[in-house]
Protein chains: 2
Amino acid sequence: MYPKFLRMFSLSEENYLKAIYHLEIISNKGISTNAIAEKLETKASSVSDMIKKLSEKEVIIYKKYQGVTLTDFGKKTAANIVRKHRLWEVFLVEKLNFSWDEVHDVAEQLEHIKSPKLIHELDAFLGFPSHDPHGDPIPDNDGNLKVLEKSLLATLSKNESGVCVGVKDSSAEFLQYLDKKGITLGKELTVLEKEDFDDSLSIQIDGKKLSVSNKIATNLYVKK
Amino acid sequence: MYPKFLRMFSLSEENYLKAIYHLEIISNKGISTNAIAEKLETKASSVSDMIKKLSEKEVIIYKKYQGVTLTDFGKKTAANIVRKHRLWEVFLVEKLNFSWDEVHDVAEQLEHIKSPKLIHELDAFLGFPSHDPHGDPIPDNDGNLKVLEKSLLATLSKNESGVCVGVKDSSAEFLQYLDKKGITLGKELTVLEKEDFDDSLSIQIDGKKLSVSNKIATNLYVKK
DNA sequence: ATTTATTTTTAGACAAGACTAAATTTAATT
DNA sequence: AATTAAATTTAGTCTTGTCTAAAAATAAAT
Ligand SMILES: [Mn+2]
Ligand SMILES: [Mn+2]
Ligand SMILES: [Mn+2]
Ligand SMILES: [Mn+2]
């Protein structure tokens, strides 16, 4: 049998691994079949089938009816796919004039390209970026990622300031809405007022006063 | 997942189209089932199956036992895949420090990425290159390619000169051998002597005299 | 013109990955 | 504790793309 690190994964297997990886980051419990099915927009029965395969390949731990957990090897494999996804997103924005709301679908395809040299060189070409265009950290070659201290805008108090560093919702609609409001990563803002009745905020950004809904405030990360 | 017009063809269908496209360039007759099978390292029966599908999709003309021909639409579709392949090869060599013998396998994967904007922007980013790192022409967005006048080195007469513009064999072994000999695209050379008994050549390149086998002379293109 | 050889197509099987419907296990209520 | 609800797994089917083996058509050789 080939050593683990040479084992190849199909497109489908990679997508399952990535889904589980992302779910583990926010849940810290075993990941349920249904959660995976919802994330991948597939059926629970399909997930159940794939789980067995991944378990045999030793990338997840699985006991029937108990949900799954990534093994160290599985975690590393998944992180590498995320690494590729985010590096490609940086490439598209920095080099090919994509905006941050256009990159995701293309990166979903590019993340499956298999070539260690390609990723190594791309990383260098981009100047070893630490975060993608949405403020998400890029795992290093060993799968480790250093998580930046960040808070939701909604958690800032009156008169407190912060710099935009990421988004929680990275849907094209939300990103375009932020663009329209002139809110982009790197910009500093200050909370001028907090309204109790609808939890909206009045903020100062680019020297201008701007009203911001709770929906935005709970989906935009800032660094205090 | 992707818009319908972008996923008309599966990975497998694209590879068949490309194979037929390449075979048509050198054969100008109907392309046989066996020829396709050999090119794709698959079985004739598999080709026979796929041919029916492609015929129904109107990218090839097919009459039983008569071989196949690309329709205009099929030709355009195939040319677009070749366009992507060659643009990516340029990218890998020009931007990511790949050498010309390392790019093919990665380009085989990248050519299937579906995003018109990606290719348009990549083309611009690379400065609208006309040829790939092996001297092969890059089809334009409509699938047209202008073929450069070129001759095999073996066809040069004594004292005739030319500039290296392409390779017929683009295997990694041949390309590496050319590298070792110091023969790269763009270099000028002059035929000093032609040996009759083994059809080898003595050429002048970079101010130095070099002996070149018939194998090289019949796989290297020059522009007179 | 037959016979032989080669090429191509058909028939039937298989693996991956998805689905629906049914069965089973676990969780939640009464 | 018993019943109901929800989550999960199993059983069986389907599509895509591949294969081997056998049949049919074409090409080559006598
Ligand atoms: Mn993304
Ligand atoms: Mn991202
Ligand atoms: Mn190539
Ligand atoms: Mn090439």
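Just so you know, these numbers use all the heavy atoms, side chains as well, and skip hydrogens, waters and symmetry mates. As the structure is a prediction and not an experimental result, all values here were calculated from the model. Just so it is clear: chains get the letters A, B, ... in the order the sequence lines come, proteins before strands, and each one is counted from 1.
Ring-centre distance between H85(B) and H104(B): below the 6.0 Å cut-off. Aromatic ring centres of Y16(A) and Y21(A) lie farther apart than the 6.0 Å criterion allows.
As a whole-Å value, the separation of K52(A) NZ from dA18(C) C1' is 14 Å. Note: CD (E41(B)) to P (dT18(D)) measures 13 Å, nearest angstrom. Atom pair L40(A):CG and dC19(C):P shows a separation of 10 Å (rounding to whole Å applied). One can place CD of E38(A) at 12 Å from P of dT8(D), the figure rounded to the nearest angstrom. If you measure from atom CD of E13(B) to atom C1' of dT18(D), you get 14 Å, rounded to the nearest angstrom. Regarding E14(A), its CD atom lies at a distance of 16 Å from the P atom of dA16(C), rounded to whole Å.
Residues M50(A) and Q66(A) each lie close to DNA chain C; by heavy-atom proximity, the contact nearer the 5' end of the strand is made by M50(A).
Look at S48(A) and you won't find any side-chain N or O under 4.0 angstrom from OP1 or OP2 of dT10(D). Neither OP1 nor OP2 of dA6(D) sits under 4.0 Å from any side-chain N or O of Y65(A). Contact annotation: Y62(A) side-chain N/O to dT9(D) OP1/OP2 distance is under 4.0 Å. In terms of phosphate contacts, N34(B) brings no side-chain nitrogen or oxygen within less than 4.0 Å of OP1 or OP2 of dT6(C). Taking 4.0 angstrom as the limit, K64(A) places none of its side-chain polar atoms (N or O) nearer than this to OP1 or OP2 of dT24(C). Taking 4.0 angstrom as the limit, S12(A) places a side-chain polar atom (N or O) nearer than this to OP1 or OP2 of dA18(C). In this structure, S45(B) does not reach the dT10(C) phosphate: none of its side-chain N or O atoms is under 4.0 Å from OP1 or OP2. Under 4.0 angstrom from either OP1 or OP2 of dT8(C) there lies no side-chain N or O belonging to K43(B).
At a threshold of 4.0 angstrom between heavy atoms, the contacts of K63(A) with the nucleic acid are absent. Across all strands, S46(A) comes closer than 4.0 Å to base atoms (heavy-atom distances).
Counting non-hydrogen atoms of neighbouring residues, nucleotides and ligands closer than 6.0 angstrom, the NZ atom of K114(A) exceeds 12 such neighbours. In H120(B), the NE2 atom is not crowded: 12 or fewer heavy atoms of neighbouring residues, nucleotides or ligands sit closer than 6.0 Å.
The residues K224(B) and E149(B) are annotated as not salt-bridged, no charged nitrogen and carboxylate oxygen being separated by less than 4.0 angstrom.
Of the candidate nucleotides dT9(C), dC19(C), dT8(D), dC19(C) has the atom nearest to the side chain of D49(A).
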